[in-house]
Amino acid sequence: MVNAINDALDIKLAEDKSVIVYGEDVGVEGGVFRVTEGLQQKYGASRVFDSPLAESGIVGTAVGMAVAGLRPVVEMQFCGFIYPAFNQIISHASRMRNRSRGKFETPMVIRMPYGGGINALEHHSESMETIFGHIPGLKVVVPSTPHDAKGMLIAAIESNDTILFMEPKRIYRAIKQEVDEGKFTIPLGKANILTQGTDVTVVAYGAMVREVQKAMVMAKEAGISVELIDLRSIYPIDRETISKSVKKTGRIITVTEGPRTYGVGSEISQIAIEEAFLNLEAPPSRVSGFDVIVPLPKGEHHFIQDPYKIFYEIERIVKY
Amino acid sequence: MVNAINDALDIKLAEDKSVIVYGEDVGVEGGVFRVTEGLQQKYGASRVFDSPLAESGIVGTAVGMAVAGLRPVVEMQFCGFIYPAFNQIISHASRMRNRSRGKFETPMVIRMPYGGGINALEHHSESMETIFGHIPGLKVVVPSTPHDAKGMLIAAIESNDTILFMEPKRIYRAIKQEVDEGKFTIPLGKANILTQGTDVTVVAYGAMVREVQKAMVMAKEAGISVELIDLRSIYPIDRETISKSVKKTGRIITVTEGPRTYGVGSEISQIAIEEAFLNLEAPPSRVSGFDVIVPLPKGEHHFIQDPYKIFYEIERIVKY
Amino acid sequence: MFNEYNPLKKAMFQVIDNDGKVINKRWMPQISDTRLLKIYKDMLFARVADLQIVSYQRQGRIFTYPPNYGQEAIAAAAGALIQDNDWMVPAFREMGTMLAKGVTLKELFLYFMGYEDGSKFENAKFTLPISVPIASQLLHAAGIGYAVKYNNEDKVIYAFVGDGGTSEGDFHEAVNFAGVWKVPVIFIIQNNQYGISTPTKMQTASDSLAIKAVAYGVKGIQVDGNDLFAMYKAIEESVKVCRNGEGPVLIEAVTYRKGAHTTSDDPTKYRTKEEEQEWDERDPMKRLKSYLIANKLWSEKEEDKIIPQFKEEVDRQFIEAENYGPYPKEDVFKYLYAEMPDDLHDQERQYDRFLQWKATKVK
Amino acid sequence: MFNEYNPLKKAMFQVIDNDGKVINKRWMPQISDTRLLKIYKDMLFARVADLQIVSYQRQGRIFTYPPNYGQEAIAAAAGALIQDNDWMVPAFREMGTMLAKGVTLKELFLYFMGYEDGSKFENAKFTLPISVPIASQLLHAAGIGYAVKYNNEDKVIYAFVGDGGTSEGDFHEAVNFAGVWKVPVIFIIQNNQYGISTPTKMQTASDSLAIKAVAYGVKGIQVDGNDLFAMYKAIEESVKVCRNGEGPVLIEAVTYRKGAHTTSDDPTKYRTKEEEQEWDERDPMKRLKSYLIANKLWSEKEEDKIIPQFKEEVDRQFIEAENYGPYPKEDVFKYLYAEMPDDLHDQERQYDRFLQWKATKVK
Ligand SMILES: Cc1ncc(C[n+]2csc(CCOP(=O)(O)OP(=O)(O)O)c2C)c(N)n1
Ligand SMILES: Cc1ncc(C[n+]2csc(CCOP(=O)(O)OP(=O)(O)O)c2C)c(N)n1
Ligand SMILES: [Mg+2]
Ligand SMILES: [Mg+2]
């Protein structure tokens, strides 16, 4: 996925002079995950560069650049370090068009590795997509494969909206996949049905997709047919795809990494009951983190979703 | 409610020398809503004072004070201005005990007027409780009456947790109520059944309680018996009270002010389906703001919940 | 000039005294008489408008409004110098500069009456909407500065903030980024002595606000903000610095908010009559007027004649704003995204259905 | 001293040269020979530990770790002066001071192995856990300073941050609050020339980091951070300022991160061999050792003797940490709230049920 993202940036930098890439250590070093590796050499230090260590500064200046016609793509070094930029995101990046009644736009992308499972220090493993998904005017997307990462990032850079592009760092280098060369886009806001099934719909995104797939092996053994939806977009939510699927299966489970209460799961459940109440054969359910702070590595296995946990819930809901 | 909050602060300042009250303009001026009026004169400028204009600074120093044994009660001037402090809240105030395995605690209260309906400028009318409710380690509470405001604030100041105390500014001076003199507390985390009913449960909090009560007049005329729950606590949620009520009525609606997607409503619905799926006679539902930025005053009536909107949904769900 | 008035020397840059007498010929700016008169009239218009708005507010015809009263010279000087293609990044107390950019009073009225339409600034190019969250707009200025430099444009960014705003982290990050990037931004701090009720000395222990420039390696200067000539000259020199690619400048304009913070504030709670009177002596209009009258460029008679015209114009625009009409429901949904997501569309349709139903209930 | 080395004068405070020769007698601190030897040994221990940890990490026995290598004099000087009742507010590269406060290597190992228990610091009073979000801890220091002053306690707060950290808004707000409140905080910037790969000159255009003190009206000084005597003296004087109620002090300690940023970083990407060699000349251990040897307080022989002992001690604590045992499930839930909310309790019980079920599936 790292290569796919790098590729997307490369393509857009080559194609559009208004694209600017910056953030902490993204220039000379090419980012702590090497996502921007080689881009400064290729496009020069006025287009790909290191910023001072200040997240509000990074996002706030990007708002200014975007208003002035550039297309900044900025990096937050880790999910836990986006919060100093929170005010700029919620008060400006997501509001400028609405505030100025369409006179100014902020076409910008905030890239951020997120999620657990990499034995990292505190604040390096959070999955707090809900709080961003709840911000009006912002779009929040998450790819689950290298292919999607490339197509979605290109679409994000070309969008005139402000996009929070969350990268599941756990699978940065985990998934081997041939990615189409050259430019292509994947429309933002559309979920992707990865596996058709009949007994239960499972909604996941990012690194959780792979975990669900592992659980599906167990489910298959148990004779359960799972329909797997990669949500891809935390906001806006692709209501239609969810609706159709749950009407068909009558059961739905959402698998997420973040804290349970006010997590993405309850919103998907709400959609299911709004759309398919009379079709439901079991309560829409969720597998999620607990309402706790992500434990440090030695305790993280208690927090992250293992395939057994997912299968456990699939079985429970199907037997309901 | 303003007087009740002032009274609570007064009682705790008098009783406990470790209580410190500060924030922008809370000292000499007594706060832009006059909530802290008279307290600096009474307790001196080392206990009640104006801070520099910097929200991260206010919350961050409060974390330090709390760690060192004080009980700071700080004010964010308006709901839209808490975001510069977001990092201090999510990275420190809510984490210090967990991080230090109980060695340090942060007994502190962040007070903040929130919500719309007062013809205010941009950023002065938000209701973003979800994003705070989703932060592990934080408690988020909202009073709906002067009595509750006093008892809950005293409880909050006495708690050893970090509490976000959201004050529905729309009813700061709107509700006339005799408030008990002297000290009393209302336990945090417990909802309050305001009206018993049999047809449908309505969950609300803050300024929405009063709007639901208006809608209940219409409902009564239509022969519908509403059970009204004042949620009081956004986190933790009083699952038991909700569970019992929805088991009884079979129907539940949550009324909130903030944006719909990932709002408090979907979590309450999720609880209802987890607890009472087989009792449900209609889909758990919600009345909420739209996924938009709160319009400026001339457009705000499109956004805020009027009693008709609530009644419309009550009728729809009861007839479902 | 930036050497002579290096903020470390702790001297405030002034050109005229309280009586409008030139005390600093060396730095007296070259302004033609007509131009100067125009500036004065603009200041006067701003003041007339300001006082009138406060009275509208008392009549309940407008919500909150933050008056510029007493601070007119700063916005006027910037307004006189800012070019059509320069960028204006306002806080919320710079009416003079906004009008100069082409913002209309009517738009400002609309905004403070509660219409986002008032932020569209139809005829004002490169002018950002008012920014409510204190100091956060300064980062936009630094970012715009980057874009301007990147595109090799010959533009200057005028960015405003209050004394209170200098305490925010975003102030620090903005001036710091601008310093590192060497971008053409003029940061103008309107030090009007208070952030609502909080005096500047409670904001910071530094000797001045201008001196903070040192922390970012940028040029800084403390200017008498009630001295139109000094403000004009300081900005003029700053523009040169910017256009020369020598990076940002930080100006502290020392002034006084003669009015309330906003129309909902009562300053008698936190400041004394004596203090107010002291600052009356330094009123920027009075000082400039004294200069003009002494130089036979203006007279009380002319002023008495023009004020009613201004009042009428203000009133005309105010009434236009008052008659702006209802707020279209569509506008609540329309500007969130480049294309409206389906779900938001659904929400709008649900709302339509509710409105239809409600219409049958409420007559 | 703060006058003599006012950062506006742009002179770095030094006491010994690169060969350990005293070049500034006037400000040579009074340190007894035994005490000095103890400080040197503490520095040596820190360095031994540091190098050893890097090799543990290579063996996959510990996750990320940020080495102190090359910066030992700063933490050691602070460690020598900090009192039991003083507060320590670390960033994450101050091993020497933490050990002096009573933190054990074992605890640090536990922390970097991934146990929160390593942050409990059982025997270190008034020592905050390591703070990962850069610069945010400085506000805690200012707040603790307020509490200390409010309670009339005779305590000083030692707060650390890196050069990169000075770009964050929280740095600004923290030093500013401390300046306004005049609280006894010593802010020590370890300017090790880089924030990960980003050189200090890309963080700010200011002449130095010490000069930023001017923006907050607090005392500041730039110190050779590789000169133990200079660091010791500067902190000693800062403590006096604090205890006199004269408010906070900002120290820029100029040093060099000889190692990688963390064990997952590769510095050859962004810096040159020449630069590294240049800084080798200024290595703080080498300089202090030269002084000690010249003054017959220490010898290579003694060093050769003690290093294996230190290694053994480091290893002993490391192995203790490695054998710490499993992470109790309860600890995931227990410390969030003073009392566990019902709902969280339910979540724990659900997890128990799952674990029981899983035990039947996985053998
Ligand atoms: C981030 C933020 N915090 C608080 C406020 C509320 N507020 C509005 S104006 C103001 C005082 C501003 O003082 P100053 O910067 O000196 O500007 P002035 O009003 O004096 O022009 C405050 C605290 C705000 N708008 N934004
Ligand atoms: C708010 C925040 N942003 C980003 C990071 C990631 N990060 C960890 S260390 C570091 C560089 C810190 O540089 P400096 O302050 O100079 O300290 P040093 O590592 O050199 O001791 C960065 C960017 C972080 N921990 N916190
Ligand atoms: Mg002010
Ligand atoms: Mg550094």
Side-chain angles (χ1 to χ4, degrees), chain A residues 55-56 80-91 94-95 98-99 122-123 126 128-137 234-237 258-278 280 282-286 289-295 320, chain B residues 55-56 80-91 94-95 98-99 122-123 126 128-137 234-237 258-278 280 282-286 289-295 320:
Chain A
E55 292 76 13
S56 186
F81 308 134
I82 192 173
Y83 304 116
F86 202 71
N87 187 45
Q88 286 291 340
I89 295 170
I90 194 168
S91 299
S94 60
R95 282 175 178 256
N98 186 71
R99 178 181 295 150
E122 197 191 352
H123 303 285
E126 335 287 315
M128 299 298 276
E129 52 277 16
T130 297
I131 61 181
F132 298 100
H134 191 58
I135 299 176
I234 305 300
Y235 193 89
I237 302 178
R260 176 163 314 170
T261 302
Y262 305 118
V264 171
S266 56
E267 185 63 34
I268 303 294
S269 298
Q270 176 77 51
I271 291 174
I273 54 181
E274 281 170 9
E275 297 281 335
F277 185 65
L278 299 174
L280 290 178
S285 155
R286 55 187 165 176
F290 309 116
D291 290 346
V292 302
I293 292 154
V294 186
Y320 190 86
Chain B
E55 292 75 13
S56 187
F81 308 135
I82 192 173
Y83 304 117
F86 202 72
N87 187 44
Q88 286 291 341
I89 295 170
I90 194 169
S91 299
S94 61
R95 282 174 177 256
N98 187 70
R99 178 182 294 150
E122 196 190 353
H123 303 285
E126 337 285 316
M128 298 299 275
E129 53 275 17
T130 297
I131 61 181
F132 298 100
H134 191 59
I135 299 176
I234 304 300
Y235 193 90
I237 301 178
R260 175 163 314 171
T261 302
Y262 306 119
V264 171
S266 57
E267 185 63 35
I268 302 294
S269 298
Q270 176 76 50
I271 291 174
I273 55 182
E274 281 171 8
E275 297 281 335
F277 185 66
L278 299 174
L280 290 178
S285 158
R286 54 185 166 177
F290 309 116
D291 289 346
V292 303
I293 292 153
V294 186
Y320 191 86

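Chain letters run A, B, ... following the sequence lines, proteins first and then strands; every chain starts at 1.
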When [options] are compared by non-hydrogen pairs under 4.5 Å with chain A, the top option:
options	answer
B:Gly258, B:Pro259, B:Ser269	B:Pro259
B:Pro284, B:Pro84, B:Pro136, B:Ser266	B:Ser266
B:Tyr235, B:Phe132, B:Phe81	B:Tyr235
B:Tyr83, B:Tyr262, B:Phe290	B:Tyr262
B:Met128, B:Glu126, B:Arg286	B:Arg286
B:Gly263, B:Gly265, B:Pro295	B:Gly263

Where does [X] contact chain A at under 4.5 Å (heavy atoms): side chain, backbone, both or neither?
X	answer
B:Asp291	both
B:Ser285	backbone
B:Gln88	neither

B:Thr261 side, atom OG1; A:Ile237 side, atom CD1 - distance, nearest 0.5 Å
5.5 Å
Pair B:Glu274 + A:Arg260, salt bridge at N-O below 4.0 Å:
no
Got a sec, which residues hit side chain to side chain donor-acceptor pair (under 3.5 Å) with B:Ser91, two or more places apart in sequence or on another chain?
B:Asn87
Between B:Ser94 and A:Ile293, what is the shortest heavy-atom contact and its length?
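Closest approach of B:Ser94 to A:Ile293, heavy atoms only: O-CD1, 3.6 Å.
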Non-hydrogen atoms of chain B under 4.5 Å away: do they reach the side chain of [X], the backbone, both or neither?
X	value
A:Ala282	backbone
A:Ile234	both
A:Val294	neither
A:Ile268	neither

Test item: A:Phe86 and B:Ile90 side chains (from C-beta on) under 4.5 Å apart, heavy atoms
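A side-chain contact is absent here, since even the closest heavy-atom pair is not under 4.5 Å.
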Give a yes or no on whether the ring-centroid distance for B:Phe277 and A:Tyr320 is below 6.0 angstrom.
yes
Evaluate B:His134 against A:His134 for side chain to side chain contact (heavy atoms under 4.5 Å, CB included), listing each step before the verdict.
CA-CA 11 Å; B:His134 191 59; A:His134 191 58; over 6 Å; no
